Novice: 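Below you will find the structure I want to go over with you.
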Amino acid sequence: MSQSELNMKRLPRHVAIIMDGSGRWAKKRGVTRIRGHEEGAASVRVIVEACRELGVIESLSLYAFSTENWRRSKTEVNALFRLLNKHINLEIDNLHREGIRVVFTGRKDGLSKKVMSDMESSMEKTRNNKAMILNIAVNYGARAELVDACRAIATEARDGDLRPEDVDEDTIAERLYLPELREVDLLIRTSGELRLSNFMLWQISYAEIVVTKTFWPDFRKRHLHQAFLEYQARDRRFGGRK
Ligand code: IPE
Ligand code: IPE
Ligand code: MG
């Protein structure tokens, strides 16, 4: 399938991806899970570029490490962070040249100083870029994000800066990790799993969901365009009627 089949006026403006299936990809080939994650990093590069080149996608959110992923073996967790560090440093100049603003969202606790400082410097370097937001969710959980928003609201209320009766949906949306993100239009999950695994629960309320059987390390531009085509065939009603 080629880009020319896509309706450029009806592309999702915020795309979120649960990049799943690297372990099963590796198992199928008889290689280590870590090898699967390495291949997954190559898909990240391709998909970021494919979104950027369309020119109309405002934000791409990628689920890289969940608050629950600490339950994996230490070897796997360490390898995931080593890869994250390596690829931030390899890609940051290229992303900056492409005008991409890189943001990491998630909790800071548990992250090493090295990972934190590399994340912070890449956010700082690209903060004024306007072409696209690349939101990488690391140590991210949607429940944690909502808890953090609630804590902020409770603190403001306690200090007399916010009245409980003034709390509305915007009050919450404005206290999420990256308030300037629009709601998610399209959520893609690779590897066939039909669940949300604690990803952006607030922001996906009216997202269209596309699940593909393809494992993340095999996910390429044609799969992305296929997901866009599926999205374009959907009738988004937002609870109303046409
Ligand atoms: C997703 O692939 C990557 C991360 C969660 C970091 P998995 O590692 O979950 O792959 P499967 O689900 O075991 O195949
Ligand atoms: C979700 O995938 C997290 C990421 C892709 C980072 P998981 O593989 O961790 O989710 P479950 O355990 O299958 O729900
Ligand atoms: Mg998985």
Side-chain angles (χ1 to χ4, degrees), residues 14-48 51 59-88 90-91 102-112 114-116 118-119 133-148 176-178 181 184 186-204 207 209-220 223-224 227:
H14 183 184
V15 178
I17 308 182
I18 302 175
M19 310 183 287
D20 199 14
S22 302
R24 278 160 285 160
W25 180 94
K27 192 167 183 208
K28 205 173 86 185
R29 281 167 181 72
V31 297
T32 63
R33 293 181 60 84
I34 291 161
R35 186 80 201 90
H37 296 311
E38 280 168 1
E39 284 298 313
S43 299
V44 172
R45 179 177 227 272
V46 171
I47 296 309
V48 171
C51 285
S59 328
L60 172 64
S61 291
L62 300 178
Y63 205 4
F65 191 90
S66 75
T67 46
E68 288 73 45
N69 285 146
W70 298 105
R71 293 175 185 156
R72 298 185 180 201
S73 73
K74 201 153 178 27
T75 317
E76 183 171 355
V77 169
N78 287 343
L80 282 166
F81 281 103
R82 184 176 46 73
L83 278 170
L84 181 70
N85 239 4
K86 175 179 156 191
H87 287 278
I88 299 175
L90 271 176
E91 299 296 338
V102 181
V103 186
F104 292 92
T105 48
R107 285 207 173 147
K108 302 283 170 271
D109 37 302
L111 304 187
S112 72
K114 173 83 183 113
V115 167
M116 281 221 293
D118 286 2
M119 284 179 175
I133 294 177
L134 174 60
N135 168 34
I136 306 178
V138 177
N139 194 19
Y140 174 88
R143 288 181 176 180
E145 181 177 37
L146 290 169
V147 167
D148 291 347
L176 299 177
Y177 294 145
L178 194 57
L181 282 180
V184 173
L186 170 64
L187 173 74
I188 300 171
R189 183 165 189 153
T190 58
S191 87
E193 303 289 4
L194 296 173
R195 56 177 170 264
L196 299 171
S197 303
N198 202 11
F199 192 41
M200 302 191 95
L201 300 180
W202 179 275
Q203 299 90 332
I204 61 172
I209 302 175
V210 171
V211 174
T212 156
K213 288 236 150 53
T214 308
F215 293 140
W216 178 249
D218 289 329
F219 196 80
R220 286 294 173 269
H223 303 102
L224 181 76

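In each ligand, atom 1 is the first atom listed, and ligand 1 is the first ligand listed. As the structure is a prediction and not an experimental result, all values here were calculated from the model.
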Novice: Name the residue from Asn135, Ile136, Leu176 that meets the side-chain contact (heavy atoms from CB on, under 4.5 Å) definition with Thr105.
Specialist: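 Result for side-chain contact (heavy atoms from CB on, under 4.5 Å) with Thr105: Asn135.
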Novice: Arg72: heavy atom below 4.0 Å from ligand 2, yes or no?
Specialist: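 It does, in that a heavy atom of Arg72 comes within the 4.0 Å cut-off of ligand 2.
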Novice: If you count every heavy atom of other residues, nucleotides or ligands that lies below 6.0 Å from Lys27 atom NZ, does the total exceed 12?
Specialist: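 12 or below, so no.
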Novice: Pair Arg189, Ser197 - check side chain to side chain donor-acceptor pair (under 3.5 Å), show working.
Specialist: CA-CA 10 Å; Arg189 183 165 189 153; Ser197 303; 2.8 Å; yes
Novice: Answer yes or no: is there a side-chain heavy-atom contact under 4.5 Å between Leu224 and Ile188?
Specialist: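 With C-beta onward as the side chain, the pair touches.
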Novice: Counting from 1, what ligand 1 atoms have a heavy atom of Gly23 closer than 4.0 Å?
Specialist: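 Going through ligand 1 atom by atom, the ones under 4.0 Å from Gly23 are 7 (P), 8 (O), 10 (O), 11 (P), 13 (O), 14 (O).
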Novice: Do ligand 1 and Asn69 have nitrogen or oxygen atoms that lie under 3.5 Å from each other?
Specialist: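 So ligand 1 has no N or O lying under 3.5 Å from an N or O of Asn69.
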Novice: Would one find an N or O of Trp25, backbone or side chain, under 3.5 Å from an N or O of ligand 1?
Specialist: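 No, no N or O pair falls under 3.5 Å.
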Novice: For atom 7 (P) of ligand 2, is some protein heavy-atom partner under 4.0 Å away?
Specialist: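 Looking at atom 7 (P) of ligand 2, one finds that a protein heavy atom does lie closer than 4.0 Å.
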Novice: Say whether Gly21 and ligand 1 are in contact under the criterion: heavy-atom distance to a ligand atom below 4.0 Å.
Specialist: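 Checking ligand 1 against Gly21, which is what was asked, there is a heavy-atom contact under 4.0 Å.
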Novice: Could you tell me which residues satisfy side-chain contact (heavy atoms from CB on, under 4.5 Å) with His223, sequence neighbours excluded, listed by chain and number?
Specialist: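 His223: side-chain contact (heavy atoms from CB on, under 4.5 Å) contacts with Thr214, Phe219, Arg220.
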Novice: Under 2.8 Å from the Mg ion (ligand 3), how many protein N/O/S atoms can be counted?
Specialist: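 Under the 2.8 Å cut-off, the count stands at 1.
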Novice: Among protein heavy atoms, which lies nearest atom 14 (O) of ligand 2, and at what distance?
Specialist: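 Of every protein heavy atom, Ser197 OG, 2.6 Å lies nearest to atom 14 (O) of ligand 2.
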Novice: For the ring-ring contact (aromatic ring centres under 6.0 Å, His included) test, which of Phe104, Tyr140, Phe199, Trp70 pairs with Phe65?
Specialist: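 Only one of Phe104, Tyr140, Phe199, Trp70 forms a ring-ring contact (aromatic ring centres under 6.0 Å, His included) with Phe65, namely Trp70.
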Novice: Measure from atom 2 (O) of ligand 2 to every heavy atom in Glu68, Met19, Arg189 and give the option owning the shortest one.
Specialist: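 Checking each option, the heavy atom nearest atom 2 (O) of ligand 2 is found in Arg189.
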Novice: Please list, in number order, the atoms of ligand 1 under 4.0 Å from a heavy atom of His37.
Specialist: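 Those atoms are 3 (C), 8 (O).
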Novice: Check whether any N or O atom of Ser66, backbone or side chain, sits under 3.5 Å from an N or O atom of ligand 2, and answer yes or no.
Specialist: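 Between Ser66 and ligand 2, no N or O pair is found under 3.5 Å apart.
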Novice: If we set the cut-off at 4.0 Å for heavy atoms, which region of Phe65 has an atom near ligand 2: side chain, backbone, both, or neither?
Specialist: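 Backbone only.
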Novice: Any heavy atom of Ala64 sitting closer than 4.0 Å to ligand 1?
Specialist: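 Contact present.
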Novice: Under a 4.0 angstrom heavy-atom cut-off, which atoms of ligand 2 come close to Arg195?
Specialist: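 Answer for ligand 2: 11 (P), 13 (O), 14 (O).
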Novice: Are Leu181 and Val103 close enough that some pair of their side-chain heavy atoms sits under 4.5 Å apart?
Specialist: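 Sidechains of Val103 and Leu181: no contact.
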Novice: Does only the side chain of Glu193 get under 4.0 Å from ligand 1, or the backbone, or both, or neither? Count heavy atoms.
Specialist: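 The answer is neither; Glu193 stays 4.0 Å or more away.
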Novice: Which of the numbered atoms in ligand 1 are below 4.0 angstrom from a heavy atom of Arg24?
Specialist: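 Here the atoms of ligand 1 in question are 11 (P), 12 (O), 14 (O).
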Novice: After noting the C-alpha distance and the side-chain angles of Glu39 and Arg29, does the key distance pass the salt bridge (charged side-chain N to carboxylate O under 4.0 Å, His left out) rule?
Specialist: CA-CA 12 Å; Glu39 284 298 313; Arg29 281 167 181 72; over 6 Å; no
Novice: Among Val210, Ile17, Leu196, which residue meets the side-chain contact (heavy atoms from CB on, under 4.5 Å) test with Leu187?
Specialist: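 In the set Val210, Ile17, Leu196, the residue that makes a side-chain contact (heavy atoms from CB on, under 4.5 Å) with Leu187 is Leu196.
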Novice: For atom 13 (O) of ligand 1, which protein heavy atom lies nearest, and how many Å away is it?
Specialist: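 Minimum-distance protein heavy atom for atom 13 (O) of ligand 1 reads Arg33 NH2, 3.1 Å.
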